[in-house]
There are 2 protein chains.
Amino acid sequence: MKIQSEPFDAFSRLVFPDAIAEQSRKRFAALAKSRVLDPARGKPLDASVSSLVFISSGAVKLVAHASAEREQVIAFYFSDDLFILPEDGKHSFSLQALQRSEVLIFPYEEFAALAQKDCAILRYLLDRSALSLHRSREKTIALGRKTALERTASFLLSMAERIGRPRGGSVEIELPMSRRDIADSLGLTIETISRQLSILRGDKVIETHGRAGVLIRSCGALEQRSGSLRDAA
Amino acid sequence: MKIQSEPFDAFSRLVFPDAIAEQSRKRFAALAKSRVLDPARGKPLDASVSSLVFISSGAVKLVAHASAEREQVIAFYFSDDLFILPEDGKHSFSLQALQRSEVLIFPYEEFAALAQKDCAILRYLLDRSALSLHRSREKTIALGRKTALERTASFLLSMAERIGRPRGGSVEIELPMSRRDIADSLGLTIETISRQLSILRGDKVIETHGRAGVLIRSCGALEQRSGSLRDAA
DNA sequence: CTCTCGCTTTGATCCAGATCAAGGCGAAGA
DNA sequence: TCTTCGCCTTGATCTGGATCAAAGCGAGAG
């Protein structure tokens, strides 16, 4: 139990109200499984039962396997993100690390049942779910109605917001995912991603440094290309 | 308050535990705005603030406006569905009736704050959110990785499950939405939807009767065409 | 420092679904 | 019953992004 105490503490600080009883905290701790996910290892975490996952550190992708050879990245998650890993249904889901990541896994039903004694915890879960839902809906818009360039621009803006470091008027991003992951997330191919990035580079909207480094030189220019409503004037 | 008592009662029966105090029920009732949405009228309900919506009767679509002339149907909702109508952000959202519909609208923040006194209500909300999220993720898979025929088949199966009437081995559906709505939901055009339906009709998988009537003659055959994992053998 | 393997970029061609263009046909009113 | 208007279907053509193909290039190993 010593090994997983550090990730659980981080989770505890974020999710639990200060006033939670020590005994109650221990019950949650007993539900938690702590895991270190590594990108090298194969399929690290699949879901026979619905789980609640907390990313203590690192970066992961939630992947749905539509069929052999066809996979869709449902979402990326980073440090301190909390989300529901659905059980396999019509499609199978798995969680894969993009870098070495520490995660905490709770069985969803048991967690919710336990949380039902403390409304503040349920409320936190509800708000996180609402955020997940909102992001998922944004993705729906992107996949349903946006062009390749718009999707790429939207993706970069989203990453800037979630893991970017502001540098004056610019934002620096270190992308933990490969071009393939981005493509599988946006419903495009790696070649198309690469081409869109080249276009943005050519337009001086971004710079790329090596495989992972991206510098957004103008968020405004990116937003104009992201297909959000601007020309509604 | 007399007018809206019937829709609220339906909501109350579904969401509240039997034991809820009458006084507490009244507080929720005071938050609720009851509306009748009509397809004829223009933009019936937009969202300056995040709302919780309950469909008492009828059928509605949640629409996101990516930009002028480009809209994406995020989801369809039917009787007894409860969901979050997000406030306008990068995209603007609106709720539009497909038929005459009675809906109940709560401001999300106030509702959640009030519900925080009763964990059972929060739990119900959380589970409904999880369902919305699951459906949204299914849509992500459809839009990201499925062909036009697979999307159409998935759509019909989803409708069969939600508003279909079993007729022996078949399922009868009365579609409340137009081809345009379906197209805007699946990220396709009306012509493509029409063509896919013709293909399914030609393959004897479905029959169509008039504009709205669909008879699924073989759910199995539809599932095979829906691009879920089956050929993983 | 150099090699090398796997990721990424760029180029050429192809195709599923969009777009453009006519007709059908069904529901509501006369 | 007939008309009419607005969906829906079907056909012809076009195109954005996929697929196929071939170099670049960068991080880790030796």
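Proteins get letters first, then strands, A, B, ... in listed order; numbering begins at 1 in each. Just the heavy atoms: all of them, side chains too, but no hydrogens, waters or symmetry mates, feed the values below. Everything numeric in this text was worked out from a predicted model, so none of it was measured.
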(message) Please classify the nucleic acid contact of B:L188 as base, sugar-phosphate, or nothing, using heavy-atom distances under 4.0 Å.
(response) sugar-phosphate

(request) Could you tell me whether B:R201 contacts a base, only the sugar-phosphate backbone, or nothing, with contacts defined as non-hydrogen atoms closer than 4.0 Å? (result) sugar-phosphate

(request) Check whether any side-chain heavy atom of B:Q72 lies under 4.5 Å from a side-chain heavy atom of B:L143, and answer yes or no. (result) yes

(request) Please state how far atom CD1 in A:I190 lies from atom C1' in C:dT9, giving the value in whole angstrom units. (result) 10 Å

(request) May I ask you to check whether A:Q96 and A:S94 show a side-chain donor-acceptor distance below 3.5 Å? (result) yes

(request) Flag the pair A:F106 / A:F11 as yes when their ring centroid distance falls below 6.0 Å, and as no otherwise. (result) yes

(request) Anything under 4.0 Å to a heavy atom of chain B counts; send over the first and last such nucleotide of DNA chain D, read 5' to 3'. (result) D:dG6 to D:dA12

(message) Using five pairs at each end of the helix from C:dC1-D:dG30 to C:dA30-D:dT1 to define an axis, what is the angle between those two axes, to 10°?
(response) 40°

(request) Take A:R211 and A:A148, find for each the nucleotide of DNA chain D with the closest heavy atom, and name the residue whose nucleotide sits nearer the 5' end. (result) A:A148

(message) Less than 4.0 angstrom from a charged side-chain N to a carboxylate O is my criterion; do B:E150 and A:R70 meet it?
(response) yes

(request) Could you check how far CD of A:E191 sits from C1' of C:dA12, rounded to whole Å? (result) 12 Å

(message) Could you check whether any side-chain N or O of A:S185 sits under 3.5 Å from a backbone N or O of A:D181, counting only pairs where one atom can act as donor and the other as acceptor?
(response) no

(message) I want to confirm an ordering. Mapping B:T192 and A:M177 to their closest nucleotides on DNA chain C, which one lands closer to the 5' end?
(response) A:M177

(message) If I take atom CZ in residue B:R179 and atom C1' in nucleotide C:dG24, what distance separates them, rounded to the nearest angstrom?
(response) 14 Å

(request) State which of C:dT9, C:dA21, C:dG17 makes the closest approach to the side chain of A:S194. (result) C:dT9

(message) Please determine whether any donor N or O and acceptor N or O are separated by less than 3.5 Å between the side chain of B:R195 and the base of C:dT19.
(response) yes

(message) We want to know whether B:S129 and A:S129 form a side-chain donor-acceptor pair, criterion being a heavy-atom distance below 3.5 angstrom.
(response) no

(request) Using a strict 4.0 Å threshold on nitrogen-to-oxygen distance, state whether B:R145 and A:D184 make a salt bridge. (result) yes

(request) For A:S198 and for A:R145, locate the closest nucleotide of DNA chain C by heavy-atom distance; then report the residue assigned to the nucleotide nearer the 5' terminus. (result) A:S198

(message) Contact between B:R162 and B:R135 at the side-chain level, heavy atoms closer than 4.5 Å - yes or no?
(response) yes

(request) Name the nucleic acid region contacted by A:S178, choosing base, sugar-phosphate or nothing; use a 4.0 angstrom heavy-atom cut-off, strictly under. (result) sugar-phosphate

(message) Can you measure B:L149 atom CG to C:dA16 atom C1' for me and round it to whole angstrom units?
(response) 12 Å

(message) Between B:R201 and B:E207, does any side-chain N to carboxylate O distance fall below 4.0 Å?
(response) no

(message) Students often get this wrong, so: under 4.0 angstrom with heavy atoms, is A:G187 touching a base, only sugar-phosphate, or nothing?
(response) sugar-phosphate

(request) Find the distance A:L197:CG to C:dT9:P and express it as a whole number of Å. (result) 6 Å

(message) What is the distance, to the nearest angstrom, from the CG atom on B:L186 to the C1' atom on C:dA16?
(response) 16 Å

